[in-house]
K.L.:
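Below you'll find the structure I mean.
To find a chain, count down the sequence lines: A is the first, B the second, and so on, and within it residues start at 1.
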There are 2 protein chains.
Amino acid sequence: MNIGTASRQSRLPVKTIRYYEEIGLVRPLRGENGYRDFSQTDLERLKFLQRSRSLGFSIEECRDLLSLYEDTNRASADVKAITRQKIQQVDRKIAELKSLKRVLLEMVEACHGDDRPECPIMDDLSGRARAPEGGGH
Amino acid sequence: MNIGTASRQSRLPVKTIRYYEEIGLVRPLRGENGYRDFSQTDLERLKFLQRSRSLGFSIEECRDLLSLYEDTNRASADVKAITRQKIQQVDRKIAELKSLKRVLLEMVEACHGDDRPECPIMDDLSGRARAPEGGGH
DNA sequence: CTTGACCTTCCAGTAACTGGAAACTCTAGT
DNA sequence: ACTAGAGTTTCCAGTTACTGGAAGGTCAAG
C-alpha cells in the first residue's frame with residue numbers, strides 16, 4: 001500500500017512516516033516507480049508507534065518496545081518494567097506541574113489586577129520579596 | 001561584570017546567557033577586550049528571565065513579560081491575564097498526563113509480568129483488544 | 001491530453017539550549 | 001619575563017521529533 005493509505009490507517013502524518021523510515025523504525029519496500037510499498041507488517045509497526053508515542057514513550061523507548069514486540073520470546077516482565085518506569089516519569093512531571101501551578105496561583109491571588117502599575121506578580125518574577133499576606137506559609 | 005559573574009548571580013549557564021543575547025533578550029556592552037560587560041540592569045533582566053523560564057513561561061512569553069516589566073505604565077491586569085492563561089495551560093497539561101497515567105496503570109495491572117511471552121501491554125500497544133477483566137467501567 | 005491528487009527528495013526551521021573546537025585574554029605564581 | 005590555568009570569544013554542530021515548502025515525477029479520471 002502507498003504511504004497515504006498507510007498514513008490514514010495508522011493515523012500518522014505522511015511526513016512522520018517518512019521520518020520514521022529515515023531513522024530506521026520502518027523499512028517499507030519500494031515499487032518500480034520509487035513509491036514506498038507498505039506491507040501489513042509495516043502497518044502494524046506504524047500503528048504500534050502511533051499508540052506508544054501518544055502514550056508518551058520517546059522514540060528511543062518505542063524502538064526498544066518495538067524490538068520487544070517483535071521478539072516472540074521476550075518476557076512480559078521486561079515490558080512491564082519499562083511501563084512502570086514511564087509511569088514514574090509521568091508522576092514526576094505531574095508533581096512538577098502542580099508545584100508550578102501553586103506558585104502561579106499564589107502570584108495571581110496576590111495581584112490586585114487593575115490598571116495600576118504596581119504588580120506583585122512582577123515583583124515575584126523580578127525576585128523582589130512580596131509582603132506577607134495574613135501569615136500564610 | 002563579566003559573563004561568569006553574571007552567570008553565577010543569575011543562576012543561568014554562561015551558554016544560555018550568550019544565547020539570550022543572540023536572540024535579543026539582553027544587550028550587554030563590550031569592553032575593549034571584546035568581553036561582555038553586564039550592568040546591574042542587565043543582571044536584573046537575567047534574573048527575571050531565570051525565574052520566569054523556571055516557572056514555565058516560554059521565551060516569547062518572557063519577552064512579553066519583560067517588556068511589561070520595563071513599562072512603568074503597564075497595567076497590573078495585563079500581567080495577571082497572562083499568568084492566568086499560563087495556569088490554564090498547566091492545568092491542561094496536568095489533565096493530559098493524568099489520563100496518560102491511567103492508561104499506563106491499566107496496562108500494568110493487566111500484565112502478569114512474569115517470563116512468559118504473552119503480554120497484555122504489548123497487545124494494547126499493538127492495538128489488539130484485551131479481554132475485559134471483571135466488567136470494566 | 002490535461003487536471004489534480006499523490007508521490008519523491010532535499011533543505012530549512014522549530015524550541016531552547018548544549019557541547020566542542022580554536023583562539024584570545026587575564027591573573028597568579030615563579 | 002614566562003607560564004599555567006581559568007575565563008572569554010566566535011562559530012559550527014547536535015539535540016527531539018517532527019513540520020513546512022520547493023521542485024519535480026507519477027497516476028487515475030474524464
K.L.:
Could you list the protein-to-nucleotides 12-15 of chain D atom pairs, N/O on both sides, closer than 3.5 Å?
P.N.:
none

K.L.:
Within residues 84-92 of chain B, find the residues that approach DNA chain C with a heavy atom at under 4.0 Å, and present them sorted by residue number.
P.N.:
none
K.L.:
Using the test salt bridge (Lys or Arg N to Asp or Glu O under 4.0 Å), find all partners of B/Arg53 that sit at least two apart in sequence or belong to another chain.
P.N.:
none
K.L.:
So which pairs with a foot in residues 20-66 of chain A pass ring-ring contact (aromatic ring centres under 6.0 Å, His included), sequence neighbours left out?
P.N.:
A/Phe48-A/Tyr69
K.L.:
Excluding sequence neighbours, so at least two apart, what forms side chain to side chain contact (heavy atoms under 4.5 Å, CB included) with B/Thr41?
P.N.:
B/Ser39
K.L.:
Taking side-chain hydrogen bond (donor to acceptor under 3.5 Å, both in side chains) as the definition, give me every residue that meets it alongside B/Glu118, ordered by chain and number, with sequence neighbours left out.
P.N.:
none
K.L.:
Does any pair with a residue in residues 1-19 of chain B pass side chain to side chain donor-acceptor pair (under 3.5 Å), and if so which ones, sequence neighbours excluded?
P.N.:
none
K.L.:
Would you please name every residue forming a side chain to side chain contact (heavy atoms under 4.5 Å, CB included) with B/Gln88, sequence neighbours left out?
P.N.:
B/Arg92
K.L.:
Please list all pairs meeting salt bridge (Lys or Arg N to Asp or Glu O under 4.0 Å) that have one or both residues in residues 77-88 of chain B, counting only residues at least two apart or in different chains.
P.N.:
B/Glu61-B/Lys86
K.L.:
Let's see if you get this right: which residues in residues 18-25 of chain B place a heavy atom under 4.0 Å from DNA chain D?
P.N.:
B/Arg18
K.L.:
Polar-atom pairs under 3.5 Å, protein N or O versus N or O of nucleotides 2-7 of chain D: list them with distances, or write none.
P.N.:
from	atom 1	to	atom 2	distance (Å)
D/dG7	N2	B/Tyr35	OH	2.7

K.L.:
Show the distances under 3.5 angstrom between N or O atoms of the protein and N or O atoms of nucleotides 28-30 of chain D.
P.N.:
none

